[in-house]
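Note that the coordinates shown come from a computational prediction; the quantities given were computed from them, not determined experimentally. The sequence lines fix the lettering, A, B, ..., with proteins before strands; numbering per chain opens at 1.
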Amino acid sequence: MSEQSAGTEIPVGPQHPSLKEPANFTLNVDGEVITGAEMKLSYNHRGIEQAVLSKSYIEAIYLLERICGICSHAHTSAFTQGVEELLDLEVPPRARYIRTLIGELERIHSHMLWLGVAGHEIGFDTLWQYAWRDREIVMDLLEEITGNRVHYSINTIGGVRQDLNDDYREAILDGMDDLEERIDFYRNTVPNEETVRMRCEGVGVVSEELAREYCAVGAVGRASGVPTDVRKDAPYAAYDDVDFDVITDDRGDLLARTVVRIEEIAQAIRIIRQVAERIPEGDLKASAKPPQALLAQVPEEDVVSRYEAPRGELVHYVRADGTDTPARVHIRVPTLANWPTVVESLKGSYIADTPIVVAGIDPCISCTSRIGVETDGSHGGENAFDLDELREYGIEWYDERGNVDRPSTEDDGRTVADGTEGERP
Amino acid sequence: MNPNQLKSDLDERLEDVIAASGKREDGRLEFVLADRADLPDGVSRIRDAGITHLITITGVDGDEEIEILYHFLKYGEYDDGDLSEGIELTLRAIVPKEDPTIGTITDQIPAAGLYERELMDMLGVEVPDHPNPEKLLLPDDYDGGPPLRAENLEVSD
Amino acid sequence: MSIPGKLVPEALKTLGKDNATVSYPKDKRTMPDRFRGAVEFEPEPCTGCGMCERHCAADAITVEADADGNVTWSYDVAKCMFCGQCEESCPTDAIVMGKEFELAASDKPSFEESYTFTR
Amino acid sequence: MSFELDLATGLLALLVFPGFAFLFVYGLTAEYLDRKLYARLQNRVGPPPLQPLADFLKLLAKESAVPEGATARIYNAAPWTGLAGVFTAMLYIPVWSERAAFAFEGDLVVVLFLLSLPSFSLFFGGWYSGNVFSRIGTTRTITQLFGYEIPFFLAAFAPAVAAGTLSTSGIAAFVAANPWYVAVLLPAFGVALLSLQAKLERIPFDIPEAETELATGALVEYSGRKLALFRLTKDVELVVGAALLSALFLGGPAPAGVLAGTAGLAAGVVVFLAKTLAVIALLTVLKAVVARLRIEQMVDVFYRVLVPVALAQIALVLAVGLYTDGVIL
C-alpha cells in the first residue's frame, strides 16, 4: 500500500498538542511535506465489549452510554432500538419523537464542538470561542429537558424516561431561533474567510473513489460525494415523519467537510422544529411492565442496529441468548470507518496540516478506544535521520525555499487534486 | 429494488456457495456460506451485484465454532437531498474452533483491513495474507488469550 | 483572493456583548429542576426489596437484610454516575435524585452513607 | 552643555524615561491591554490588570535549567541580547517631542537593526538548546525573518524617502509638518503593521511556535528567568515597534508640537501613548479575526503581495515629492 519513501520520520503524539486524546501518528516527512503516515490508537482499550456481557440489558444502557462523551445518545439509542427489535416492542410515537429530538440536539452540539476544535487547529481561536459559546444554547436545552448536559440517559428499553411538556417546547423553539441566527453567521463567514480557505481548501482531499473504497461514513463520506445517511436509508425513531435533506459536497477537502457540517446543523434545526411542533400525544413506553419483566422472554436471536451518529453510521450488533444479559455486543463506531481515509489524505499534505487533517474526520478517540485501530503502512527500514543530518536536511531544504512546490505524489497511486495543489492563492 | 428482488438476485448469484438464505422481518437479508473457503468468491459476487459498502465484520464465539458475520449495505438511490431506503445483508461464515482461520477480503475491500484485525485480536481467528496483521485493539505486548473467547470471559452477574 | 477579515464586524460587535460566562462560585447558576445530583434516600417507604441495587450499573447501592429483619441501605456517591435508574426502579419512591452537585470531599469515607432500619 | 549634565540626562533617558523603567511598565501594560482586548473580542472575560507582572515574577522565581545538549554560553546569553537590542532601539524613537532622546542622521537603520536582534536571539537560543523540535522551530523563525524583513525595511524607507532623511526624528518632524502625508503613507503603514505582526510572531504569523502543530517553537527548552526575559523582550518589542510605526507613519507627537514648554512635552507623551495604543489595538484586532497561515503561505503572501505594495508606495512617494517640488504638474 504505502511504500516507504525517503525522508524523516516524525512522531506526533500520543500526547501531542493538537489532539487532546491519545492517538499517535508517525509521519514520513520529506521536508515540510508528508509522504507516508501510520497511526497507532489502542492506548486505552477499555474492553467494554467484554464488560457489557456481565451486565443486564438495563445496566448495559448506562455502560454503553459512556463509550463517548459527545455522542452518548447515539450509543443508547442504537442499543435500545436493537433490543426493542429483539423483543418486538412497538415504541410509541411520542417516545420516538423525543428520541429524534434529543438525537438532533446532540448532532448540533457535536458539530459545533467540532467547528470550535477545527478553528483551534488552524489557529483561529476566535471561531473556537464563538462556536463553543453558541453551543451552550443547545447544551442548556439538553440539561433542562433531560437533566444532564452530556449523558442524558433518556433512553430505556421500549421508550424514553422523560416527557416533553409545553414550556420545554417553547424553550426549544426559541432556542432554535437564536441558534439559526448564529448558524447563518457561520455559514456566511467561515467558508468565505480567506485565511480559512487558505488552510482548508484542497487540504486533506479524499476523492469519492477513495471514500467508497474505504467505506467512509458520515460527513467525511458525504463531503466526498458518497450519500450515506442511516436516517434515510434505514429510517428509525421518527425520521419517517420529518423531512430534511442529506447534505453532500463533491470537493472532498476540509472546506467541504466544514460546509457540510454547518449545513447539517441547519437541517437539524429544521428537524427539531418539525418535531417540537408536531409531537403527538401518547405514552412514553411500549409497555407498562417493569423492565425486568420485559426482559424475561428475550428470544435467542441477533440484530444489527444502525444509527446516524454525529460522526456517521454507528452499528450495534446485539446477540441475545434468552437470559437477561446479552451474549455478544459488537460496536463499530463511525470514527473507525473513517480512520483509513485520514492516512490516505495525510499523504501529500504539509506537517502543519496534520492537526487539521486529523481533526477533519471529527475523530472520537474515546469511541475508538472502545476499540483501537492502526492502519497498514509497512514498518519499512528505519531511515530516520539523526540530529546533524536533520539540520543539514532542514538548511538545505530552506535554501531553495520561496515558493515550495509540492512534490508530485503521482507514483504513490493517490489521486492528487489537480491544478493548484502547489500554488496556494 | 426492494429486499425481495435483491434476495432473489443474490440467491441466484450465490446459489452454489451458500447453504441457506433468509430474510428477517426488518428486511435484513441473511446468507450462510456452505464452506468458509468460498468467502472471497462470495464477496466478489456480492460486489458484482453493486454492493460496495462493508458495514463491519462481527465475530461471535459460539462454544463449538466461531461465527463470522460480514454485514453489507446496498446504498439507496440519491437524488439531490433525498435518499431512498438501502438494504442490509449479512454473509455468515462458520469457522471450526480447532482451525480458526478465514480468508482475507482486504484486497477487494480495503476497509475490511481494520475489521479483520479486530477479529484477530478479539477472537483469535487468523487471517493469513492480511497486508498488516499488527495488533489492533490490544497493546503490542499483550499475551493473554483472545479476550472475547468463551474461555477467557470472566462473566460475573 | 479576497481580503481576510470577514470576522471584523462580528468581533467589534462582540465588544459590546456581556460576558458569556458566569463567575462561579461567586454567582452560581440555578440548576434546572430535572437536574440529577446526588441520590437522596428516605428510609420510611423503603421495603428493602433491593431493586435499586440490582439495576444500579455502577454498583453504588448495596442493600443487606439480616435474619431478624433489619435492613441496611448504603450508598457510595463516589461510585454513583447519577443516571437516575434507581429512582425509576424503586417501587416505593424511596429514592429521589437531589440537586446537590458540589460533591468534592477530602476524606474518602465521607462519600459513603448508610441507613439501618427494621422491616 | 557640561559633560556631567549630558551624562545625567543620557543616563536618565537610558534608565528611566524612554528607557528601562518606562518600557518595563509600559510593556507589561501593553501586554495586559492586548490580552484583555483579545479576550473581549472573543467574548471572554480576560486577565486581571496585574496578570503580566504576576507571570513575570512567577517565572523569575522558577528554576532556570540548562539542558544537557545545549551549548551553555549561547543558550544563556541569548535572552539578554534580544532585550538589550529592543531597549536601546527605543532611545532613537521620538516620544515627547519630534526629537528623540538621541538622534543622528541614519538612526532609522540602527533602530531597524536593533529591532531584528530579538529574532536572532530567539534563533540562537533555540538552535543551541539541543532539542530537535526547537531546531525545527528556529528554522521556521528564520524563514519567517526572511519573509517579513524585506517588506518591513521597504515600508520604513518610504517615509525616509519622502522626508529625505534617514533619522526617525527627522521623519517624524517632516510628517508632523505636512500631516496630509499620513494619508500618502497609508499603504506603507499597512505593510509595516503586517511585518510587525510577523516579527512578533503573532497570529496569523505565529507559525514558529504554533501550539497545535509539531510542538512549541524555539523556546521549548527555556524556563525560569531566561523565559521571563524572552517574554519581556516580546512585550517591549511590541511597544517599541508600535512607537516606531507611530513615529514614521503617524507623525510622532504631531499635534502636541503647538503647545510650548513643558505642556507641549506632556501633551507629546499623551499623544505618543494614544498613537502607540492605537497601533497595538490594530494588531490585536488583526490577531482576533484571522487563522494562522502555513510557513510557505506566509512567505508567499509577503513576497507576492507586500513587497510589490511597498515598492509601489516608494514610487508613489517619489511621484508626490516631484509633484510638490513643481517638477511635474
Side-chain angles (χ1 to χ4, degrees), chain A residues 1 40-43 45 47 49-50 53-56 85 88 210 212-217 226-235 243-248 301-304 306 313 315 317 319 323-325 327-328 330-332 336-337 339-340 369-379, chain B residues 24-28 30 52-62 67 69 71-88 90 106 109-115 117-118 121-122 130-140 142 147-148 152-157:
Chain A
M1 294 289 292
K40 181 125 189 66
L41 285 154
S42 49
Y43 285 93
H45 173 59
E49 285 182 3
Q50 188 172 5
L53 302 184
S54 53
K55 293 257 183 235
S56 80
E85 226 176 283
D88 227 345
L210 201 72
R212 281 190 190 281
E213 211 181 88
Y214 281 99
C215 305
V217 289
V226 177
T228 74
D229 191 330
V230 183
R231 295 174 295 179
K232 287 276 187 184
D233 72 45
D243 54 14
F244 64 97
D245 298 337
V246 176
I247 308 288
T248 58
E301 255 176 45
D302 60 4
V303 65
V304 174
R306 295 192 311 133
E313 172 197 49
V315 180
Y317 169 86
R319 170 171 291 205
T323 66
D324 76 341
T325 60
R328 170 77 163 112
H330 176 236
I331 297 152
R332 199 277 277 137
L336 179 66
W339 275 123
S369 299
R370 169 224 60 81
I371 43 161
V373 71
E374 189 225 359
T375 56
D376 47 22
S378 49
H379 278 285
Chain B
R24 311 294 287 273
E25 81 278 5
D26 64 3
R28 186 160 65 91
E30 274 216 334
T52 55
H53 186 70
L54 170 68
I55 299 176
T56 189
I57 302 174
T58 306
V60 183
D61 182 355
E67 255 179 87
L69 308 159
H71 306 290
F72 290 92
L73 168 71
K74 180 169 185 8
Y75 288 134
E77 276 75 31
Y78 172 76
D79 56 10
D80 116 54
D82 222 354
L83 188 66
S84 68
E85 291 207 20
I87 305 162
E88 289 164 28
T90 303
T106 306
I109 307 175
L114 317 179
Y115 308 139
R117 296 218 343 270
E118 180 184 352
D121 289 359
M122 284 293 128
H130 184 282
N132 180 20
E134 302 265 335
K135 274 270 186 284
L136 184 66
L137 319 177
L138 305 167
D140 294 343
Y142 174 81
L148 288 182
N152 302 329
L153 284 179
E154 328 101 30
V155 178
S156 63
D157 53 2

Q.
To check you understand the geometry: which heavy-atom pair defines the closest contact between A/Ala234 and B/Glu88, and what is its length?
A. CB-OE2, 4.1 Å

Q: Enter the distance from B/Asp82:CG to A/Phe244:CZ here, rounded to the nearest 0.5 Å.
A: 8.5 Å

Q. So, for A/Arg328 and B/Gly59, which heavy atoms are closest and what is the spacing to 0.1 Å?
A. NE-O, 2.6 Å

Q. Between A/Val315 and B/His71, is any pair of side-chain heavy atoms under 4.5 Å apart?
A. no

Q. Could you state the interatomic distance from CG (A/Asp233) to NE2 (B/His53), rounded to the nearest 0.5 Å?
A. 8.5 Å

Q.
So does B/Thr58 get a backbone contact from the side chain of A/Arg332, meaning a donor-acceptor N/O pair under 3.5 Å?
A. no

(Q) How close do A/Tyr214 and B/Ala111 get, counting heavy atoms only, and between which atoms? (A) O-CB, 3.4 Å

Q) What part of A/Asp243 gets closer than 4.5 Å to chain B, counting heavy atoms only: side chain, backbone, both or neither? A) neither

Q. At a heavy-atom separation under 4.5 Å, does A/Val230 approach chain B through its side chain, its backbone, both, or neither?
A. neither

Q) Of the backbone (N, CA, C, O) and the side chain (C-beta and beyond), which part of B/Leu83 lies under 4.5 Å from a heavy atom of chain A, both, or neither? A) both

Q | Criterion side chain to side chain contact (heavy atoms under 4.5 Å, CB included) against A/Tyr317, the qualifying member of B/Thr90, B/Ile55, B/Val60 | A | B/Val60

Q. Mind checking whether B/Leu69 and A/His330 have side chains closer than 4.5 Å, heavy atoms only?
A. no

(Q) On a heavy-atom basis, which atom in B/Thr52 and which in A/Cys215 lie closest, and how many Å separate them? (A) O-SG, 3.7 Å

Q. Taking the side chain as C-beta and beyond, is there a heavy-atom pair between B/Leu73 and A/Arg306 under 4.5 Å?
A. yes

**Q.** Residue pair B/Tyr78 / A/Thr248: nearest heavy atoms and the distance that separates them
**A.** OH-OG1, 3.1 Å

Q. With sequence neighbours excluded, what pairs up with A/Val303 under the side chain to side chain contact (heavy atoms under 4.5 Å, CB included) test?
A. A/Glu85, A/Leu86, A/Val318

Q. Between A/Glu301 and B/Arg24, is there a salt bridge with N-O shorter than 4.0 Å?
A. yes

